[in-house]
Amino acid sequence: MKNSVGTASRNNGFTIVELLVVVVVIAILAAITIVSYNGITGQARVAVAKADLRALAQQMELFKLDKGAYPDASTEPNYPEFETVVRAANLYNVTRRVVAGQPPERVYLFCSYIAQDKFTIVAVRPSPSGNEVDVGEKVYYTNSDGTLKETTYVWDNSITGQGLSGKNLCKSADPSYDTTRGGIW
């Protein structure tokens, strides 16, 4: 077909192949962006957990200076001692996340010892996925020696028989932790 000038008409548009190439390029860019975003948020979650652990450890030391011993979770009446520590660190609302209709979700776990001469605090949910810590995942923790550390989460079946899986986290952070004598909060 010829137009009025006598030249062949040509459709001005994109072919299906050109459109598919553009869609594929956009999908690749979106995938790269999502992966980068997830990595950055995972690193941010770990950084926040580490900063909170440092703040909690400082408050534990201040509590010991004031009271002569670290808080003890072996008996329920002492739970207010831990609340004092987390409120002083301005972390009460993040230490135990409360969801309506569900039991409180632990974010940091305090492992106390009968002798009250040491403590361990474990970040329960520092993983990039945001899920509860799984066996083999990194566990970030601090203890009374004042350092921030990481280890691998290990499961001890003798502890799970007691139904206290939180003590597995304490045992992963401190292999000398006596699960029969120590408490958790």
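Below, each value reflects all heavy atoms present in this structure, side chains not excepted, and no hydrogens, waters or symmetry copies.
Between V25 and the choices V23, L29, V22, the side-chain contact (heavy atoms from CB on, under 4.5 Å) rule is met once, by L29.
Atoms CZ and CG, from F63 and L56 in turn, are 13.5 Å apart once rounded to the nearest 0.5 Å. Atom CG of residue N143 and atom SG of residue C111 lie 9.5 Å apart, to the nearest 0.5 angstrom. Taking OG1 of T120 as the reference point, atom OH of Y70 lies at 10.0 Å (rounded to 0.5 Å). Interatomic distance, D52 CG to Y140 OH, rounded to the nearest 0.5 Å: 14.0 Å.
Minimum interatomic distance between E61 and S144 (heavy atoms only, all atoms of both residues): OE2-O, 3.9 Å. Heavy-atom minimum distance, T151 versus A173: CG2-CA, 4.2 Å. Here the closest heavy-atom approach between residue V139 and residue V122 is recorded as CG1-CG1, 3.2 Å. Nearest heavy atoms, S172 versus Y153: OG-CD1, 3.3 Å. Closest heavy-atom contact between A57 and I121: N-CD1, 4.2 Å. When every heavy atom of G13 is checked against every heavy atom of E18, the shortest pair comes out as O-OE1, 4.2 Å.
In this structure, L62 and D66 have side chains that are not in contact, with every pair of non-hydrogen atoms separated by 4.5 Å or more. Residues K118 and D174 meet the side-chain proximity criterion, which asks for heavy atoms closer than 4.5 Å.
The main-chain N or O of G68 is never found under 3.5 Å from a side-chain atom of K64 such that the two would form a donor-acceptor pair.
Grouping the Ile, Leu, Val, Met, Phe, Trp and Tyr side chains by contacts below 4.5 angstrom, directly or via other members, places V24 with I32. Note: the hydrophobic cluster containing V17 also contains L20 (ILVMFWY, side chain heavy atoms under 4.5 Å, direct or indirect links).
Legend: residues meeting side-chain contact (heavy atoms from CB on, under 4.5 Å) with L148, ordered by chain and number and at least two apart, are K50, L53, R54, T142. Partners of Y141 by ring-ring contact (aromatic ring centres under 6.0 Å, His included), not counting sequence neighbours: none found.
Other residues, nucleotides and ligands contribute over 12 non-hydrogen atoms within 6.0 Å of the NZ atom of K149.
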